[in-house]
Peer 1: 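One structure coming up, written as structure tokens, with questions to follow.
Only heavy atoms go into these numbers, but all of them, side chains included; no hydrogens, no water, no symmetry mates.
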Amino acid sequence: MANAQLANDVTIIPKPAAVQRGTGTFKINKNTRIIAKGNDAKKVAELFNYFLNKKYGFVLKVENNAASGAIVLNTLPAVKMPSESYQLKVTSNGINIEGERSGVFYGVQSLLQLMDGPDNQLSVPAVTIKDQPNFAYRGMMLDVCRHFFEVDELKKILDVMAYLKLNRFHWHLTDDQGWRLEIKKYPKLTTISAWRDSSIIGGYNDFKPFIYDGKRTGGFYTQDQARAIVKYAAERNIEVIPEIEMPGHCTAVLAAYPELGNGTGPYHVPGFWGVHRTIYNPGEPTFEFLENVLKEVMAIFPSKYIHIGGDEVPKDEWKTSALAQKIIADNHLKDEDALQSWFISKIEKFLNQNGRNLIGWDEILEGGLAPNATVMSWRGEQGGIQAAKENHHVIMSPGGYMYIDHAQAKDNKTEPLAIGGFLPLNTVYNYHPVPEVLTPEQQKYILGVQANMWTEYVPTNQKLEYMVFPRLLAVAEVGWTKPENKDFDDFSKKRLPKVLLDMEKFGINYRIPEGAVLIDNDQQTGRKKLTITSFVADSKIYYTVDGYKADNTANLYTGPILLPFTNNRPITVKYVIVTPLNRMSNEFNINIK
């Protein structure tokens, strides 16, 4: 390719499959027209204008007549191009995007990322992009039970997911600490189960006994609000998958309907985290309750998948329950693990009868997997490997790579409180969801990848965005881009800076990542030389070399730093990154021996 070098400056995340640079640019201003060919194209044009207005503050007129010097959106029948694939061609005379509806939408997202320049005269480089995803399932899970987030806050997340070509929003709606969806048949789920009197402060192990904040907290989504989220997401090519937890993680439900428990009450909606020992009893009234709930859930969510959790289910209550033991005996079950499998299989049969498929966390493998279930592998990859070998579909979501609630620095004193672990951006980026131990035939059962955002320690929207971004950008490339086209240096140094600048324009409170640091020797002076590269475009770096605090009163970085001679004593360089909109990073330390 003659323009292979130029192709490298196409700053799109996730990285497209094939890029060829042309010569020249196309200019976009308020007089540029969008030509929408077909009803689907008109809908995409409206969304293009929505994102354009959000980023640059103006919209373009949409027409249906061919014209030169325009942006042409051409939606083709699905048989002509694979789902979600698109072709984007930019010349100095115009822009053409074609594909089926979701493909054209993704072509528009790539176009938005290519735009640059002053808001009244945007410039797009001449380029031809042929693109399609590596995996069909590219998702993010958000837990709204530990802390509740408003509809507008969810829409903001969905907008960025669409911008990154992520297409599944797994909505974790029920847990021990709160029930978040209106169920008309069971009003106490929203009057009682949706609220807790207090929550613990600090980390789980910081105070023993726990110290509580004394603040009543909670909330729920009405069915109309949930439908609005489903519609909003669908317009952005995102399918919403609801999660209704069972047979564990149900303490909030039992606070309202104690008869569904195992007689271990009284129950209250708890304000502390961790695995709770309360679980549903396996009696018929429980299944009647769950089926009635799922009927209302299925009426709201058209997704073919319903997630039922199935994780972290202590069986102690079943071991001492006469009812549970009778069901084990009557059904010739081996033990309580087999009883959980029996429980999940009954729910799966009900979902299948209603045209839906069940997803569960990898614990649903214990005691035997329900026949048509899809496994979400979170405790490493082993559950996913086992499920794929048994010819079950798998979504890879291992904690060591995809749990974006984990800390973003080794030193927890430099970061806001997190649940633990350490998950830096490069570790997320370098994950590949297809285990090599699987045969090529078994690998076909890996549907894709998902990041999980649990919110025990995320009480505000600002912190939510800080934890999610920029790691979700890395997740997007894991899901979309073939491994052979991935390179962390290319991602972080060439493409991430521009996209993070876009995120700032969208008002996203992303974590400003550490810069790339290079230490070598200066040949002329014999002193050590320190180079710092920021991953945010047009940002500034301020530093100190004496170990004292770095902020915007410190030295402005203008190029490689020649470090002082220290007679072999270690020194600490501290630095901060300040973005174009004047947000300051955490203070980062470089310890030099």
Side-chain angles (χ1 to χ4, degrees), residues 141-158 168-197 199 215-235 238-261 267-271 278 280 285-309 347 350-351 354-356 358-359 453-455 459 461 464:
M141 185 283 301
L142 178 60
D143 161 29
V144 294
C145 304
R146 278 47 179 265
H147 285 98
F148 179 77
F149 296 93
E150 301 292 342
V151 167
D152 285 347
E153 294 168 340
L154 299 185
K155 286 181 175 179
K156 199 174 172 190
I157 295 285
L158 290 167
R168 298 290 189 279
F169 179 61
H170 170 181
W171 202 2
H172 184 82
L173 288 163
T174 73
D175 216 303
D176 292 301
Q177 295 81 12
W179 180 283
R180 300 288 176 239
L181 182 66
E182 176 190 24
I183 301 295
K184 295 185 186 296
K185 192 173 181 69
Y186 300 105
K188 286 193 285 187
L189 290 174
T190 44
T191 58
I192 296 174
S193 304
W195 306 93
R196 59 178 183 264
D197 293 334
S199 308
K215 291 194 295 189
R216 187 171 188 260
T217 186
F220 65 91
Y221 306 96
T222 67
Q223 294 196 359
D224 285 345
Q225 286 175 318
R227 285 191 177 92
I229 286 290
V230 168
K231 180 175 183 290
Y232 190 89
E235 289 168 349
I238 297 169
E239 182 179 299
V240 181
I241 298 171
E243 180 177 357
I244 306 296
E245 278 268 16
M246 61 187 84
H249 286 288
C250 63
T251 315
V253 175
L254 302 185
Y257 299 99
E259 65 275 14
L260 303 178
Y267 304 106
H268 306 280
V269 182
T278 44
Y280 287 117
T286 299
F287 289 104
E288 182 184 350
F289 167 82
L290 290 171
E291 289 179 7
N292 285 333
V293 165
L294 289 171
K295 283 175 189 173
E296 293 194 35
V297 168
M298 289 186 288
I300 298 166
F301 297 92
S303 162
K304 71 174 183 176
Y305 289 120
I306 305 291
H307 202 301
I308 55 80
I347 294 295
F350 171 76
L351 290 173
N354 285 274
R356 306 303 180 93
L358 179 148
I359 299 183
M453 184 62 233
W454 302 101
T455 62
N461 184 63
L464 173 65

Peer 1: State, with a plain yes or no, whether a side-chain heavy atom of E243 is found less than 4.5 Å away from one of L173.
Peer 2: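 With C-beta onward as the side chain, the pair stays apart.
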
Peer 1: Do H172 and E245 make a side-chain contact, defined as non-hydrogen atoms from C-beta onward lying under 4.5 Å apart?
Peer 2: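 Of all side-chain heavy-atom pairs linking E245 with H172, at least one is under 4.5 Å.
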
Peer 1: Hey, could you give me each pair passing salt bridge (Lys or Arg N to Asp or Glu O under 4.0 Å) that has a residue in residues 183-195? Not counting sequence neighbours.
Peer 2: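 Pairs touching residues 183-195 that pass the test: E182-K184.
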
Peer 1: Applying side-chain hydrogen bond (donor to acceptor under 3.5 Å, both in side chains), can you list everything that pairs with Q223, at least two apart in sequence or on another chain?
Peer 2: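 Partners of Q223 by the side-chain hydrogen bond (donor to acceptor under 3.5 Å, both in side chains) criterion, ordered by chain and then number, come out as E296.
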
Peer 1: Between L142 and L464, is a side-chain contact (heavy atoms from CB on, under 4.5 Å) present by the stated rule, with each step listed?
Peer 2: CA-CA 10 Å; L142 178 60; L464 173 65; 3.6 Å; yes

Peer 1: In this structure, are over 12 heavy atoms from other groups packed under 6.0 Å from K155 atom NZ?
Peer 2: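 Yes - once you tally the heavy atoms of other residues, nucleotides and ligands closer than 6.0 Å, there are more than 12.
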
Peer 1: Is the closest side-chain heavy-atom distance between T217 and R196 below 4.5 Å?
Peer 2: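 Yes - at least one pair of side-chain heavy atoms lies under 4.5 Å apart.
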
Peer 1: Rounded to the nearest 0.5 Å, what's the gap from OH on Y186 to CG on L181? Could you check?
Peer 2: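 Between atom OH of Y186 and atom CG of L181 there are 14.0 Å.
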
Peer 1: So which heavy atom on I308 is nearest to which on L351, and how close?
Peer 2: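 So the two residues come closest at CG2-CD1, 4.3 Å.
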
Peer 1: Measure across W179 and A252 and return the closest heavy-atom pair with its distance rounded to 0.1 Å.
Peer 2: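 Closest approach of W179 to A252, heavy atoms only: N-CB, 4.2 Å.
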
Peer 1: Apply the side-chain contact (heavy atoms from CB on, under 4.5 Å) test between Y305 and each candidate in I241, L358, V240; give the one that qualifies.
Peer 2: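 Of all the options given, the one that passes is I241.
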
Peer 1: Measure the OH-SG distance between Y257 and C250 for me, rounded to the nearest 0.5 Å.
Peer 2: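 Interatomic distance, Y257 OH to C250 SG, rounded to 0.5 Å: 14.0 Å.
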
Peer 1: Using a strict cut-off of less than 4.0 Å between a Lys/Arg side-chain nitrogen and an Asp/Glu carboxylate oxygen, indicate whether K295 and E291 qualify as a salt bridge.
Peer 2: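 Between E291 and K295 there is no salt bridge, as every charged N stays at least 4.0 Å from the carboxylate O atoms.
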
Peer 1: Please report the C-alpha distance between V144 and T455 in whole Å, then the side-chain angles of each, then the deciding distance to 0.1 Å, and finally whether the side-chain contact (heavy atoms from CB on, under 4.5 Å) criterion is met.
Peer 2: CA-CA 7 Å; V144 294; T455 62; over 6 Å; no

Peer 1: Can you find a pair of side-chain heavy atoms, one from W171 and one from I229, that are under 4.5 Å apart?
Peer 2: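 A side-chain contact exists here, since the closest heavy-atom pair is under 4.5 Å.
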
Peer 1: Measure the shortest side-chain to side-chain distance between N354 and L294 over non-hydrogen atoms and say whether it is less than 4.5 angstrom.
Peer 2: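 N354 vs L294: side chains apart.
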
Peer 1: Which heavy atom in D143 sits nearest to a heavy atom in R146, and how many Å separate them?
Peer 2: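 Taking D143 first and R146 second, the nearest heavy atoms are OD2-NH1, 3.1 Å.
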
Peer 1: For residues L254 and G261, report the shortest heavy-atom separation together with the two atoms involved.
Peer 2: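 That closest heavy-atom pairing would be CD2-N, 3.6 Å.
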
Peer 1: Distance check, rounded to the nearest 0.5 Å: R356 atom CZ versus I347 atom CD1?
Peer 2: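 Answer for the CZ-CD1 pair, R356 versus I347, is 14.5 Å.
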
Peer 1: Hey, could you give me the CE/OG distance between M298 and S303, rounded to the nearest 0.5 Å?
Peer 2: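 Separation between the atoms: 11.5 Å.
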
Peer 1: Which word best sums up how the rings of Y280 and F289 line up, parallel for under 30°, tilted for 30 to 60°, or perpendicular for over 60°?
Peer 2: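 Y280 vs F289 ring planes: tilted.
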
Peer 1: Decide yes or no for Q177 and C145: does some side-chain heavy atom of the first lie under 4.5 Å from some side-chain heavy atom of the second?
Peer 2: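 The answer is no; the side chains never approach within 4.5 Å.
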
Peer 1: Check whether any side-chain N or O of W195 sits under 3.5 Å from a backbone N or O of D197 as a donor-acceptor pair, and report yes or no.
Peer 2: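 No; judged by distance alone, with no hydrogens or angles, the pair does not exist.
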
Peer 1: Checking side-chain contact (heavy atoms from CB on, under 4.5 Å) for the pair L189/T174: CA distance, chi angles, key distance, verdict?
Peer 2: CA-CA 10 Å; L189 290 174; T174 73; over 6 Å; no

Peer 1: Would you call W454 and M141 a side-chain contact if the rule is heavy atoms closer than 4.5 Å?
Peer 2: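 With C-beta onward as the side chain, the pair touches.
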
Peer 1: Just how far is it from atom CG of N461 to atom CD1 of I157, taken to the nearest 0.5 Å?
Peer 2: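 One gets 6.5 Å once the value is rounded to the nearest 0.5 Å.
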
Peer 1: For the CD1 atom of I183 and the CZ atom of F220, what is their distance to the nearest 0.5 Å?
Peer 2: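 One finds 11.0 Å between CD1 of I183 and CZ of F220.
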
Peer 1: For the side chain of H268 and the backbone of P270, is there at least one donor-acceptor N/O pair under 3.5 Å apart?
Peer 2: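 Such a contact is absent between H268 side chain and P270 backbone.
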
Peer 1: Within the structure provided, determine whether Y221 and I300 are in side-chain contact (heavy-atom separation under 4.5 Å).
Peer 2: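 No - every pair of side-chain heavy atoms lies 4.5 Å or more apart.
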
